[in-house]
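Structure first, commentary second.
Small disclaimer: the values here were computed from a predicted structure and weren't measured.
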Amino acid sequence: MRGMENPFANILQTRASIVEKGIGSGCLYEHRDGYPCAVNTINAGDQIVGEIHHVKDINGLWRYLDPYEDCVPHDFTRSLFVRCVVPITDTQSQTKPCWMYFWNQSISGLRMIHGGDYRERKSKPLI
């Protein structure tokens, strides 16, 4: 997301353009190390707020993104996150297929981010 400071955010800024805000189904959690973990759910009220990025060479970007997300595409048993194409709703209420990484481990010990907005959570101190 814009404004995040990590090695991948810097790579993404040079290889993608942010199109708009996007909302997908799922619950968002925060790992004890401070990073967000999206968990796929089927509950209608669960949502994750993020950004839709347009990437010209997505296959070239996987070589950076998958290792950063600890995703082993052909062996999900070794993956911290898995990537999937899921429907995301844009600011015009249009649904489009987008790639998204989902947490592939237990949610035990993770803190739920109510409302599913990591940017909003980062702007508030932990209590």
Show the nearest heavy-atom pair for residues [X] and [Y], with the distance to one decimal.
| X | Y | answer |
| --- | --- | --- |
| Pro87 | Thr95 | CB-CG2, 3.4 Å |
| Ile88 | Gly24 | CD1-CA, 3.7 Å |
| Gln47 | Ile23 | OE1-CG2, 3.6 Å |
| Gly116 | Leu28 | O-CD2, 3.4 Å |
| Leu110 | His31 | CD2-CA, 3.6 Å |
| Pro73 | Cys71 | CD-O, 3.4 Å |

Straight-line distance of [X] [atom1] to [Y] [atom2], nearest 0.5 Å:
| X | Y | atom1 | atom2 | answer |
| --- | --- | --- | --- | --- |
| Ile113 | Ile48 | CD1 | CD1 | 9.0 Å |
| Cys98 | Glu51 | SG | CD | 12.0 Å |
| Met100 | Arg83 | CE | CZ | 14.5 Å |
| Asn40 | Cys27 | CG | SG | 9.5 Å |
| Thr89 | Ile52 | OG1 | CD1 | 8.0 Å |
| Asp46 | Ser25 | CG | OG | 8.0 Å |

Are [X] and [Y] close enough that some pair of their side-chain heavy atoms sits under 4.5 Å apart?
| X | Y | value |
| --- | --- | --- |
| Arg121 | Glu30 | yes |
| Asp90 | Lys96 | yes |
| Leu61 | Ile11 | yes |

If hydrophobic clusters are built by linking Ile, Leu, Val, Met, Phe, Trp and Tyr wherever their side-chain heavy atoms come under 4.5 Å apart, do [X] and [Y] end up in the same one?
| X | Y | result |
| --- | --- | --- |
| Ile42 | Val39 | no |
| Phe81 | Tyr68 | yes |
| Phe76 | Val72 | no |

Between Tyr35 and Trp103, how do the two ring planes meet: parallel, tilted or perpendicular, split at 30° and 60°?
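Tyr35 and Trp103: tilted rings.
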Please tell me whether Tyr101 and Asp70 have a donor and an acceptor in their side chains that are separated by less than 3.5 angstrom.
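Checked: Tyr101/Asp70 side chains show no N/O donor-acceptor pair below 3.5 Å.
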Under 3.5 Å, is there a donor-acceptor pair between the side chain of Asn104 and the main chain of Ser79?
yes
Is a side-chain donor or acceptor of Asn43 paired with a backbone partner of Gly45 at a separation under 3.5 angstrom?
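No; zero donor-acceptor contacts below 3.5 Å.
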Taking ring pair (Phe, Tyr, Trp, His ring centres under 6.0 Å) as the cut-off, I'd like each qualifying pair that reaches into residues 40-66, sequence neighbours left out, listed once.
Trp62-Trp99
